[in-house]
Amino acid sequence: MSATPTARLMDGTRLARHTLEEAAARAEEISGRTGTSPCLATVLVGDDPASVTYVRMKRARCAKAGIRSRHIALPATTTTAELVDTLAGLSKDPEVHGVLLQHPCGPHIDERAAFEAIAPEKDVDGVTTHSFAAMGFGLPGFVSCTPGGIMRLLEAYDVDLTGRHAVVVGRSAILGRPAGMLLLARDATVTYCHSRTVDLPAIVREADVVVAAVGRPRLIRGEDIKPGAVVVDAGYNPGNVGDVDFDTARTRARLITPVPGGVGPMTIAVLLAQTVAAAANQLGVPVGTGPRSTGPRP
Ligand code: NAP
């Protein structure tokens with residue numbers, strides 16, 4: 001006989017909708033007060049179909065939220081120096097409030113050099129060394145969007161992180177590593193796991209909060225989830241499958257994100273919220289700096 005699912009779902013689709021509505025209201029307020037609506041510049045090198053789709057989705061969401069977007073499509077032959085010039089130009093352009101470089105850009109581009117050409121106050125995707133360091137020091141700045149979305153989900157579902165053992169599986173610069181740093185800033189006791197970790201299941205079994213950020217379908221088995229744990233699955237693998245074996249994990253977890261509809265929708269929502277906050281800061285409108293609601297209580 002199979003066990004009954006007990007976990008409540010953490011509804012990222014719903015929270016993302018609320019976050020976008022809030023961003024739209026703030027964008028309208030900024031435009032009403034200054035006559036200028038927030039503007040996100042998107043930069044794409046080449047025509048990789050997945051990247052083209054991601055940029056199109058981001059721009060469509062911007063339009064829906066009353067955020068202007070300016071798209072710069074560069075040929076695949078663009079050099080690092082040319083890309084750096086483009087990003088530096090956007091960083092100086094007072095009409096642009098946020099700059100997003102869609103990546104990966106291709107093997108011939110030095111992505112780190114390109115990211116560093118984005119001015120920190122316009123780094124709404126949280127990719128610069130400056131933003132990363134600010135996050136590490138607990139200073140104001142923009143966070144990487146997917147970890148930012150994970151934190152908003154945990155907050156919206158009232159997950160108390162103080163003293164809890166959070167196990168982050170994955171340590172990439174855009175996801176696992178910043179997720180662990182943000183959890184630490186909320187007083188969780190954080191363990192990072194990665195491809196060299198010995199006996200991952202044993203460590204997962206100790207976790208009050210599991211953040212899966214690997215990119216391996218169903219790597220984390222339900223039987224290893226501690227009863228009552230909170231499970232956040234950022235993984236997105238072919239076939240709409242996460243990094244956690246959802247069907248078995250939900251029989252033991254207290255809260256769990258579905259895939260899709262959990263972490264995924266939060267990423268663009270955080271990007272837009274940060275774009276509006278950047279515009280507010282640059283235009284001197286004191287919105288986006290005050291306390292932020294995390295959405296309707298689920
Ligand atoms: P990544 O850069 O490939 O990093 C994967 C991480 O997983 C690495 O730290 C790697 O360890 C670790 N890892 C690999 N195999 C492992 C194993 N068997 N056991 C434990 N750890 C292992 O990937 P990423 O960009 O962080 O993305 C991770 C997942 O999140 C992907 O499924 C991606 O599609 C998804 N994602 C979703 C969103 C969203 O918006 N929802 C955004 C970004 C990414 P090493 O460091 O040792 O190599």
Side-chain angles (χ1 to χ4, degrees), residues 1-19 144-172 175-176 178-180 182-184 186 188-193 197 200-270 294-298:
M1 203 175 75
S2 62
T4 319
T6 54
R8 282 177 66 206
L9 297 187
M10 300 170 85
D11 187 345
T13 305
R14 183 159 174 252
L15 182 60
R17 195 183 310 125
H18 173 82
T19 307
S144 186
C145 295
T146 306
I150 290 171
M151 297 311 290
R152 285 180 185 234
L153 270 166
L154 293 171
E155 209 177 310
Y157 282 82
D158 283 331
V159 175
D160 181 11
L161 294 166
T162 307
R164 301 288 167 207
H165 185 196
V167 170
V168 181
V169 191
R171 58 174 168 178
S172 73
L175 182 44
L182 292 169
L183 289 161
L184 180 65
R186 294 281 308 280
T189 301
V190 179
T191 301
Y192 283 102
C193 299
T197 295
L200 174 67
I203 298 169
V204 171
R205 283 198 286 272
E206 298 295 317
D208 301 308
V209 177
V210 179
V211 174
V214 183
R216 300 272 184 282
R218 300 191 188 93
L219 174 76
I220 294 166
R221 303 173 305 182
E223 68 209 67
D224 296 323
I225 300 296
K226 185 166 149 181
V230 174
V231 177
V232 179
D233 190 353
Y236 190 68
N237 304 293
N240 278 344
V241 175
D243 289 344
V244 176
D245 185 358
F246 179 78
D247 288 337
T248 52
R250 72 185 302 199
T251 67
R252 295 168 70 89
R254 175 168 74 82
L255 284 165
I256 189 167
T257 54
V259 176
V263 173
M266 289 304 296
T267 300
I268 293 186
V270 171
T294 51
R297 288 287 158 220

Pair Ile150-Leu154, side chain to side chain contact (heavy atoms under 4.5 Å, CB included): steps then yes or no: CA-CA 6 Å; Ile150 290 171; Leu154 293 171; 4.1 Å; yes
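- With Phe246 as reference, Ile256 is the one residue of Val231, Ile256, Thr257 to meet the side-chain contact (heavy atoms from CB on, under 4.5 Å) rule.
- With Thr197 contributing its side chain and Leu200 its backbone, the two residues share no donor-acceptor pair below 3.5 Å.
- A donor-acceptor contact shorter than 3.5 Å is absent between the side chain of Tyr157 and the backbone of Arg152.
- The two atoms that bring Ser144 and Pro178 nearest to each other are CB-CG, 4.2 Å, heavy atoms only.
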Residues 203-216 side chain polar contacts: donor-acceptor under 3.5 Å, at least two apart:
| unit_1 | atom_1 | unit_2 | atom_2 | d |
| --- | --- | --- | --- | --- |
| Arg205 | NH1 | Asp224 | OD1 | 2.7 |
| Asp208 | OD1 | Lys226 | NZ | 2.8 |
| Asp208 | OD2 | His165 | N | 2.8 |

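- For the pair Arg252 (side chain) and Ile225 (backbone), a donor-acceptor distance under 3.5 Å is present.
- The only option from Val270, Leu161, Val159 that meets the side-chain contact (heavy atoms from CB on, under 4.5 Å) definition with Met151 turns out to be Leu161.
- Between Thr146 and Val263, some side-chain heavy-atom pair lies under the 4.5 Å cut-off.
- In this structure, the side chains of Leu15 and Met266 come closer than 4.5 Å at one or more pairs of heavy atoms.
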Candidate pair Cys193 and Val168, rule side chain to side chain contact (heavy atoms under 4.5 Å, CB included), full reasoning: CA-CA 6 Å; Cys193 299; Val168 181; over 6 Å; no
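- Heavy-atom minimum distance, Leu182 versus Pro147: CD1-CB, 3.8 Å.
- For the atom pair CG of Asp160 and CD of Glu155, the computed distance is 12.0 Å after rounding to the nearest 0.5 Å.
- Summarising the geometry, atom CG belonging to Asp245 is positioned 10.5 Å from atom CD1 belonging to Ile220; distances are rounded to the nearest 0.5 Å.
- Counting all heavy atoms, side chain and backbone alike, Asp243 lies closest to Gly235 at OD2-CA, 3.3 Å.
- One distance of note links CZ of Arg164 with OG1 of Thr162; it measures 8.0 Å at 0.5 Å rounding.
- Considering all non-hydrogen atoms of both residues, Ala234 and Leu175 come closest at CB-CD2, 4.0 Å.
- Between Val169 and Val167, the closest side-chain pair of non-hydrogen atoms falls below 4.5 Å.
- Annotation for Gly180 and Val190: closest pair O-CG2, 3.6 Å, computed over non-hydrogen atoms.
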Thr248 vs Arg221, side chain to side chain contact (heavy atoms under 4.5 Å, CB included): CA-CA, chis, key distance, verdict: CA-CA 7 Å; Thr248 52; Arg221 303 173 305 182; 5.5 Å; no
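- Atoms NE2 and CG, on His18 and Asp11 in that order, are 13.0 Å from each other to the nearest 0.5 Å.
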Residue pair Asn237, Arg218: steps toward the side chain to side chain contact (heavy atoms under 4.5 Å, CB included) verdict: CA-CA 9 Å; Asn237 304 293; Arg218 300 191 188 93; over 6 Å; no
